[in-house]
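To start, the structure under review is shown below, and the notes come after it.
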Amino acid sequence: MKILLVRLSSMGDLIHTLPAVSDLAQHRPDVELHWLCETSFADIARLHPFVKRVHTMSWRKWRKNLFQAATWQEIGSLKTALRNENYTQVLDSQGLIKSAAFAKFAHAPIIGLDSQSARESFAAHFYQQTYAVKKGEDAIWRNRQLFAQAFDYTFETIPNFGVILPPDAIGSLKNQLPEKYYIVLHATSRDSKLWVMEKWLDLLTKLHQTDGLPVLLPWGNPTEKQRAEAIASKLPFAQVCPRVNLLEAAYMLANAHAVIGVDTGLLHLANAVNRPLVGIYTDSDPVKTGVQPSAWAQNLGGIGQSPSADEVFQAVQGCLKAFAKPI
């Protein structure tokens, strides 16, 4: 079977799909899996060795230039490429009208969530076969359930992200990283998800007093860089990272002593590369979109609930101890 998986964005959504891909690799090794996603997140799809080919689209760019000939040439090229693959089926795991529309490009039967389960119920009208998956549950579990129903198997194992970093993931970071460090993910998609500056300063001071390690502060846009610089200006052991691409970010996370962050895609990437981590939630529900909990991965807070610096500090210490404990 040659299957196209449609999961376009965001970073967290793609990462939440990886354990389902691992299940598919285990239970249906006969499947040849391709993935269609946004260009900016293609490296996430490529992190899983079961994904044979990644097709990319650029809707975020295209929608701003819909009246330009070049845009329609690119859309036409994608449509031709997908049709030429002769897929057996297309699995739209995103459940949006947008994702369903792109799934139709492949000109193959589409399967996906039913109208009660999809994010946008009308998307189900595009599908030839639909499956019910309970809403309000953990995103990773929902993806695994959809895949299991679509490909006729059951799963009982804990989630396995299956991530393998390529040898060149270090990129421009070679010889630039400290031997041991924390990563602090202070930036997120909306201000209501941020953690207040005073709490960051309190937490990072406590961590440094405990083990003396430096703190690295990644950023992705000028506003985030300014916030990183504001933290670093008050804490001499904090360092503003150079701008990095997605693979370099994955390498940094995979080699961190521990990761602390608000609700953002890189936090889920840290989860996928199996680092000790604490997720800080202030305006989203970690039950639905938190990191996959384990002995060394915890979620704190929730909608309208901002954990204290001491709560986060204690959680970090607990995760580090659990990670270091021999199995």
Side-chain angles (χ1 to χ4, degrees), residues 12 177-221 223-241 249 252-325:
L177 294 176
E179 182 177 349
K180 202 172 183 180
Y181 54 89
Y182 288 103
I183 287 186
V184 164
L185 304 173
H186 53 90
T188 185
S189 58
R190 63 176 187 263
D191 287 352
S192 60
K193 293 183 180 182
L194 295 173
W195 204 40
V196 297
M197 177 72 73
E198 290 75 14
K199 291 183 179 181
W200 277 124
L201 297 177
D202 189 6
L203 169 67
L204 301 184
T205 299
K206 284 183 168 70
L207 288 174
H208 189 70
Q209 289 173 344
T210 300
D211 50 32
L213 295 182
V215 171
L216 303 189
L217 303 164
W219 55 276
N221 60 46
T223 300
E224 295 172 4
K225 186 178 182 183
Q226 288 176 3
R227 187 181 300 111
E229 290 171 341
I231 295 173
S233 69
K234 297 179 182 299
L235 302 175
F237 54 86
Q239 304 173 21
V240 178
C241 295
M252 278 201 310
L253 293 166
N255 290 278
H257 184 55
V259 179
I260 309 101
V262 290
D263 183 10
T264 182
L266 289 180
L267 183 70
H268 299 290
L269 186 54
N271 199 197
V273 296
N274 197 34
R275 298 317 297 161
L277 65 91
V278 175
I280 300 170
Y281 289 77
T282 61
D283 192 39
S284 50
D285 185 357
V287 173
K288 296 179 181 178
T289 58
V291 299
Q292 194 64 33
S294 71
W296 50 82
Q298 293 188 35
N299 298 301
L300 296 179
I303 298 174
Q305 303 172 27
S306 179
S308 69
D310 189 61
E311 286 175 312
V312 178
F313 174 79
Q314 295 300 332
V316 172
Q317 298 307 305
C319 289
L320 286 170
K321 289 178 182 177
F323 191 76
K325 187 178 180 180

Measuring from atom [atom1] of [X] to atom [atom2] of [Y], what distance do you get when rounded to the nearest 0.5 angstrom?
{"X": "Trp296", "Y": "Lys325", "atom1": "CH2", "atom2": "NZ", "value": "11.0 Å"}
{"X": "Ile280", "Y": "Asn299", "atom1": "CD1", "atom2": "CG", "value": "10.5 Å"}
{"X": "Leu253", "Y": "Asn274", "atom1": "CG", "atom2": "CG", "value": "12.5 Å"}
{"X": "Lys234", "Y": "Glu198", "atom1": "NZ", "atom2": "CD", "value": "8.5 Å"}
{"X": "Ser306", "Y": "Asp283", "atom1": "OG", "atom2": "CG", "value": "10.5 Å"}

Quick one: does any side-chain atom of [X] pair with a main-chain N or O of [Y] as donor and acceptor, under 3.5 Å?
{"X": "His186", "Y": "Pro218", "value": "yes"}
{"X": "Thr282", "Y": "Gly302", "value": "no"}
{"X": "Thr289", "Y": "Pro286", "value": "no"}
{"X": "Arg275", "Y": "Ala256", "value": "yes"}

With heavy-atom distances below 4.5 Å as the criterion, would you say the side chains of [X] and [Y] are in contact?
{"X": "Cys241", "Y": "Met252", "result": "yes"}
{"X": "Val262", "Y": "Leu267", "result": "no"}
{"X": "Val215", "Y": "Leu217", "result": "yes"}
{"X": "Asn255", "Y": "Tyr181", "result": "yes"}
{"X": "Trp195", "Y": "Pro307", "result": "yes"}
{"X": "Gln298", "Y": "Cys319", "result": "yes"}
{"X": "Val278", "Y": "Leu300", "result": "yes"}
{"X": "Lys199", "Y": "Val196", "result": "yes"}

**OP:** Would you kindly say whether Thr264 and Lys193 are connected by a side-chain donor-acceptor distance under 3.5 Å?
**Re:** no

Subject >> Side-chain donor-acceptor pair present, Asp263, Thr188, cut-off under 3.5 Å >> reply: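 There is no such pair between these side chains.
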
**OP:** Start with the C-alpha gap between Leu185 and Ile183, add the side-chain angles, then the distance that decides, and say whether side chain to side chain contact (heavy atoms under 4.5 Å, CB included) holds.
**Re:** CA-CA 6 Å; Leu185 304 173; Ile183 287 186; 3.7 Å; yes

**OP:** I would like to know whether Leu201 and Ile231 meet side chain to side chain contact (heavy atoms under 4.5 Å, CB included); could you show each step before the answer?
**Re:** CA-CA 7 Å; Leu201 297 177; Ile231 295 173; 4.3 Å; yes

Original post:
For atom CG of Asp191, is the number of surrounding heavy atoms from other residues, nucleotides or ligands below 6.0 Å larger than 12?
Top reply: no

**OP:** Give the C-alpha distance, both sets of side-chain angles, the deciding distance and a yes or no for side chain to side chain contact (heavy atoms under 4.5 Å, CB included) between Leu277 and Ile260.
**Re:** CA-CA 6 Å; Leu277 65 91; Ile260 309 101; over 6 Å; no

**OP:** Write out all pairs satisfying side chain to side chain donor-acceptor pair (under 3.5 Å) with one or both partners inside residues 208-220, taking only residues at least two apart or from two chains.
**Re:**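 Output for this query lists Tyr182-Asp211.
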
**OP:** Evaluate the criterion side chain to side chain contact (heavy atoms under 4.5 Å, CB included) for residue pair His268 and Val291; output intermediate values, then yes/no.
**Re:** CA-CA 6 Å; His268 299 290; Val291 299; 4.1 Å; yes

Expected list for residues 308-317: side-chain donor-acceptor pairs under 3.5 angstrom, two or more places apart:
unit_1 : atom_1 : unit_2 : atom_2 : d
Ser308 : OG     : Glu311 : N      : 3.1
Ser308 : OG     : Glu311 : OE1    : 3.4
Glu311 : OE1    : Ser308 : N      : 2.7

Subject >> Nearest atoms (heavy-atom pairs only) where Leu194 meets Ala187 >> reply: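 That would be CD2-CA, 4.4 Å.
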
